[in-house]
Student: 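I am attaching a structure below and will ask some questions about it afterwards.
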Amino acid sequence: MTKRKKLEILVDTPLLKRIRDLSKQAGVYGYTLYPTFGGEGEAGRWIDDQVTGGAGSKILYVTISEAEIADRFLETLTPLLEEYGLMITVSNVDVLLAKND
Amino acid sequence: MTKRKKLEILVDTPLLKRIRDLSKQAGVYGYTLYPTFGGEGEAGRWIDDQVTGGAGSKILYVTISEAEIADRFLETLTPLLEEYGLMITVSNVDVLLAKND
Amino acid sequence: MTKRKKLEILVDTPLLKRIRDLSKQAGVYGYTLYPTFGGEGEAGRWIDDQVTGGAGSKILYVTISEAEIADRFLETLTPLLEEYGLMITVSNVDVLLAKND
Amino acid sequence: MDVLFSPVILFFVLGALAAFARSDLSIPEPLSKALSLYLMCAIGLKGGILVADNGFTWEMVLAAAAGLLLSLLIPIMAFAVLRSFGKLDRINAAAVAAHYGSVSVVTFITGNQILTSMDMAPAGYMIAVLALMETPAIIVGLYLARQGNNSDVQQKGDLFRETVLNGSVVLLTGSFIIGLIIGKEGFEPVAPVFQTGFTGLLCLFLLDMGLLAARRLRNAQTLTFRLVSLGIAFPIFNGLLGSIIGASLGFDAGTTTALALLAASASYIAVPAAIRLALPKADAGLYLAMSLAITFPFNIVVGIPLFTSISIFMVQLWL
Amino acid sequence: MDVLFSPVILFFVLGALAAFARSDLSIPEPLSKALSLYLMCAIGLKGGILVADNGFTWEMVLAAAAGLLLSLLIPIMAFAVLRSFGKLDRINAAAVAAHYGSVSVVTFITGNQILTSMDMAPAGYMIAVLALMETPAIIVGLYLARQGNNSDVQQKGDLFRETVLNGSVVLLTGSFIIGLIIGKEGFEPVAPVFQTGFTGLLCLFLLDMGLLAARRLRNAQTLTFRLVSLGIAFPIFNGLLGSIIGASLGFDAGTTTALALLAASASYIAVPAAIRLALPKADAGLYLAMSLAITFPFNIVVGIPLFTSISIFMVQLWL
Amino acid sequence: MDVLFSPVILFFVLGALAAFARSDLSIPEPLSKALSLYLMCAIGLKGGILVADNGFTWEMVLAAAAGLLLSLLIPIMAFAVLRSFGKLDRINAAAVAAHYGSVSVVTFITGNQILTSMDMAPAGYMIAVLALMETPAIIVGLYLARQGNNSDVQQKGDLFRETVLNGSVVLLTGSFIIGLIIGKEGFEPVAPVFQTGFTGLLCLFLLDMGLLAARRLRNAQTLTFRLVSLGIAFPIFNGLLGSIIGASLGFDAGTTTALALLAASASYIAVPAAIRLALPKADAGLYLAMSLAITFPFNIVVGIPLFTSISIFMVQLWL
Ligand SMILES: Nc1ncnc2c1ncn2[C@@H]1O[C@H](COP(=O)(O)O)[C@@H](O)[C@H]1O
Ligand SMILES: Nc1ncnc2c1ncn2[C@@H]1O[C@H](COP(=O)(O)O)[C@@H](O)[C@H]1O
Ligand SMILES: Nc1ncnc2c1ncn2[C@@H]1O[C@H](COP(=O)(O)O)[C@@H](O)[C@H]1O
Ligand code: NA
Ligand code: NA
Ligand code: NA
């Protein structure tokens, strides 16, 4: 069991590609995407809606990586936080096999 | 990075509105909902089924909040645990930007 | 609030049944399954695709259990890690009501 | 043509067999839901157009009264039997009873389809009766469950939304009204989807219902032998009752069969959602297993031909 | 037959009413997306076949030029009004303006359907104009938002993919080209799906659009009274403009109405996705609410009959 | 009418081009799965009805034997070539070989559709042969992979479920049997969905298959030039073999082409699911890329017309 950081980013579907590109720059290669159903925040309530070209739809981007890489990635994300309306959480996990980091 | 509590509640779709109402009373405003696929527990095995009016379907309600608010919310949930068949977990996360709490 | 271990296993849909069978052997009965959307790893990028008989589709198996049972389950999983291309993480959670463990 | 060899029934059987054999065959859930919405739209439109065509009649009022009466009486009788013979506690007995007092849209639709293919199409207003019978039994069930205990006000608002504003009720009623407005002529451009395609899509939906019903039966944990028997006895008794009432009111054989099917069938769409909310302590595995895994297949395979024969007989008896 | 009593419009109203009444009626999202893709395929094919049948004409070039002109002019005018009267900041004004310069495929399709049922079918090439008008307004909007600030190169690649290669643009254009290639004869085997089923499936899609629009309106937080007024004033003004241009170019009443609808409608598929990417600071809740919850329903219920009458009048004026 | 300009093929090409251009066009996965299930139901029903109509014949037994022989021979030959020329290890060679021994339902369906439009409809029993050929190659593949090593018993149960009880096999066989039971007359009420709508829905499905195939090709990491060549050489060789066997057994040109297509096509539904379970060490990216991203498009675009011509020629040769 190896200690790792788990980064979870809730992102609007059209912005996902940008997050992916930034993650590569930070040296993060592996990730998994999860669908969402809806939610509520300062910007009001939403229900995942696939008709309005993804602008009404969010995806959860999850990546497990070493603390150092996670920090580097977080740094590149900070300027985008406000602009992209991202919701980012970091937590500790043990992985049975460290992949791609 | 700010320390927060992450509350995850697995709830039957028809009961979701009740959870949301209770969360507002406890001062929790932001949350995100995730779809489920199936599972198994004391009440047997289920596969998410959208035909039977949501009674055969569960949703994961996730909210990030300050420890204090989380506790208040948990207290209001305790009486419902048994009756609603909820599955509630709490964990520690760091958030990059604390929203709505 | 009781301390528990949360095991998350990302598994190819056709292999899910095997994981479930192993979990029962280890004494883990309750679990919840979540759908995925896509991801990337050493084996390349994938988008969940339900046409190719599940071979192009992954599911997240999540189970909450006592540390001891979690360890037993992890042991039975270790030999399969490489072969099944599993991605397994373990983290600490508090549960409000310990179910099925 | 034997009713049992209709493609609609055969696809239901195929689904059930696949699930019993533990095949991994599965219909994507959004498709099932889509088909279920489609069927409600189609049957609602059809009903509205038929009523627009024939005009309002006294028979309609009679049928509505009969339907309402059945949906009030059935849960009360079922509750008593579930408490005594079924050995259920008050809450669970009330929850199950509410399901039998309400109706199964798909049972009605399948029966309607088969009756139409036998030139015994029920009157169009029966679709309004169908919509009417969806909710009252929920109220009766809740009354039986609580008896005296008052529920809080907020919950009543939620419950109202889950019953009268339940998606299936709104869609059925809404389509019925649209049918009333557009009439036969306005229906023509949408007929290829809502009429020509109906039977074929019903086949696909029943394939899924076969899978769902058989899987529920396999995973049902709290189903006792007594409850399984009741899951078969209820539709027989209620169907017979519906058939007698229909015939005694002077309805034709098709319409009488439709009333019998409404009485005999148990809800698995509107009622479970409402009961899960209003009676969370009731065992959802139990009421869904009884209505979806026992009574629904019984009605599809045995009930439809049975109540057709009985209704033909009853109607002749009254003439 | 009154346009407002077409089943297509009635299903839209049913969806909106259900959402306002807070019914739990919902169409599974994959189905909505599927229906949206289907409608684009079907309309694309139809356009291609019509053009293949009639051959290329100068009128087509005129219509394309008129469409392009409108999609460049409208966002500039809208931007000015949104800044002054609407009190929006530069970014949000530009984002909203881009939506109004582009078009709503479903508004066009619904109008087309209703015009066809009135024997006023627009020319087939208008479907090419529809595809043509989807993207230019995005470029104009971005220019208005940035004015001088250059964006980085990588972003341009992404943006290109989100505009010209946006799924809806690709599908519409691709189906149009397939229609051109296969022509009337090659279309026959697929006509039952892409033509006969069209109106019925459009009903189901508009039921969902009614739900989506009403829910957006209920959840819109940043919508001011001024912006709501603009959401109605824009389509009236732009539709009038489109109608005048169409009539002055000598188009028939149906084609003129189609041009008016293209001008009057606001995008809620291609543009929001591109703007969310290119102008992340703009308020997505705002531009979606204006285009989807105000302008779209206005066009469906009021705009289509209004622009039809105006276009008939304009065309007679010019003759 | 040129086969390449059939709308079915053109939609496949559109999907592939969109994916290569990195458009964000995507078909919701539940819709793809739904279409795939629909196509299996429809083709199964069609086969059953044709066989019910023509009665059982000795030709059917011959065709079944030929199909079985091919599904046993092909993986053995493919395995040898994949090991030597393809430079794959035992496990991967066996996994890929199993795919080529099995069949692609959609290749068969598309060929069938195009042959029917050329008045060369294959015999109905070929649909039973299609169902028959889905699984045996999996057993052969596993034998080749293990050679001596015995697998545990529990796994055998799981594997049985993933092969013989695989959803696609169950649905195809089940619909075939329903077709046998209901016959031409019973099919009439469901024909609008399962027959009239077939070609149109096949277009939509192939649009998605084009997207899926091209995306797989773009993301394939372990595909070597040698393996790509084999992905084209296998269908040519196997198709030729099927065509020779069909003609030598005296089948008509349409039926011979169908047998050639069964031989030439590689599975990407039933086999990958079973192989992922039984040979988890094999590279899923590799076998899916070969069957779905190389052989499938080759067969759709080149194979169908090629084997049609070859089969016509062969059949004349044998006469
Ligand atoms: N406290 C929270 N816990 C969980 N999810 C949240 C929280 N706050 C915001 N979100 C999610 O992030 C989205 C955007 O947040 P906001 O920018 O505040 O509207 C919301 O719609 C929610 O889905
Ligand atoms: N130990 C567990 N780990 C993860 N999910 C669980 C666990 N126990 C129960 N669940 C989930 O909670 C649902 C209800 O649990 P139960 O009330 O025990 O049937 C189950 O169907 C599972 O989806
Ligand atoms: N570091 C990571 N973080 C999150 N998910 C990952 C990570 N690495 C791999 N995965 C997931 O596991 C799958 C299989 O990984 P791999 O075997 O490396 O291709 C990937 O496609 C991802 O969905
Ligand atoms: Na009933
Ligand atoms: Na416009
Ligand atoms: Na083959």
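Below, chains carry the letters A, B, ... as their sequence lines are ordered, and counting in each starts from 1. Side-chain atoms are counted along with the backbone in the values below, which use heavy atoms only and exclude waters and symmetry mates.
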Student: Donor-acceptor pair, distance only, cut-off 3.5 Å: does the side chain of Lys33(F) make one with the backbone of Leu31(D)?
Tutor: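 Side chain of Lys33(F) to backbone of Leu31(D): no pair is present.
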
Student: Take Ile182(F) and Phe5(D), measure what side-chain contact (heavy atoms from CB on, under 4.5 Å) needs, and give me the verdict at the end.
Tutor: CA-CA 7 Å; Ile182(F) 61 174; Phe5(D) 291 159; 5.5 Å; no

Student: Working to the nearest 0.5 angstrom, can you tell me the gap between Ile178(F) CD1 and Leu207(D) CG?
Tutor: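 Answer rounded to 0.5 Å: 7.5 Å.
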
Student: Should the heavy atoms of other residues, nucleotides or ligands under 6.0 Å from CZ of Phe313(D) be counted, would the total exceed 12?
Tutor: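 12 or below, so no.
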
Student: In a check of side-chain contact (heavy atoms from CB on, under 4.5 Å) between Val193(F) and each of Leu201(D), Thr199(D), Thr196(D), which one passes?
Tutor: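 Only one option passes, and that is Leu201(D).
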
Student: Shortest non-hydrogen contact from Ala21(D) to Leu165(F)?
Tutor: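 Reported closest heavy-atom pair: O-CD1, 2.9 Å.
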
Student: Go through Leu202(D), Leu204(D), Leu25(D), Val13(D) and name the one with the most non-hydrogen pairs under 4.5 angstrom from chain F.
Tutor: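 Result: the option with the highest number of such pairs is Leu25(D).
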
Student: Would you mind checking which part of Val190(F) comes under 4.5 Å of any heavy atom in chain D, side chain (CB onward), backbone (N, CA, C, O), both or neither?
Tutor: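 Both backbone and side chain.
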
Student: Less than 4.5 Å apart, any side-chain heavy atom of Pro7(D) and any of Phe194(F)?
Tutor: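 A side-chain contact under 4.5 Å is absent here.
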
Student: Answer with side chain, backbone, both or neither: which region of Phe11(D) has an atom nearer than 4.5 Å to a non-hydrogen atom of chain F?
Tutor: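 It is both, since atoms from each part get that close.
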
Student: Distance from Ile177(F) atom CD1 to Leu17(D) atom CG, nearest 0.5 Å?
Tutor: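 Rounded to the nearest 0.5 Å, the CD1-CG separation comes to 9.5 Å.
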
Student: Examine whether an atom of Ile27(D) lies under 4.5 Å from a heavy atom of chain F, and if so say whether it belongs to the side chain, the backbone or both; otherwise answer neither.
Tutor: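 Both parts, backbone and side chain.
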
Student: Between Pro28(D) and Pro30(F), what is the shortest heavy-atom contact and its length?
Tutor: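 Of all heavy-atom pairs spanning Pro28(D) and Pro30(F), the closest is CG-O, 3.5 Å.
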
Student: Taking only distance into account, with no hydrogens and no angle test, what donor-acceptor pairs under 3.5 Å do side-chain atoms of residues 168-176 of chain D form with protein atoms, sequence neighbours excluded?
Tutor:
{"unit_1": "Ser168(D)", "atom_1": "OG", "unit_2": "Asn166(D)", "atom_2": "OD1", "d": "2.9"}
{"unit_1": "Thr173(D)", "atom_1": "OG1", "unit_2": "Val169(D)", "atom_2": "O", "d": "2.6"}
{"unit_1": "Ser175(D)", "atom_1": "OG", "unit_2": "Leu171(D)", "atom_2": "O", "d": "2.7"}

Student: My understanding is that only residues two or more places apart in sequence, or in another chain, count here; which of them pass side chain to side chain donor-acceptor pair (under 3.5 Å) with Arg276(D)?
Tutor: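 Listed in chain order: Asp12(B).
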
Student: Please rank Pro192(D), Gly15(D), Ser26(D) by heavy-atom pairs under 4.5 Å with chain F and give me the top one.
Tutor: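 Looking at each of Pro192(D), Gly15(D), Ser26(D) in turn, Ser26(D) comes out on top.
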
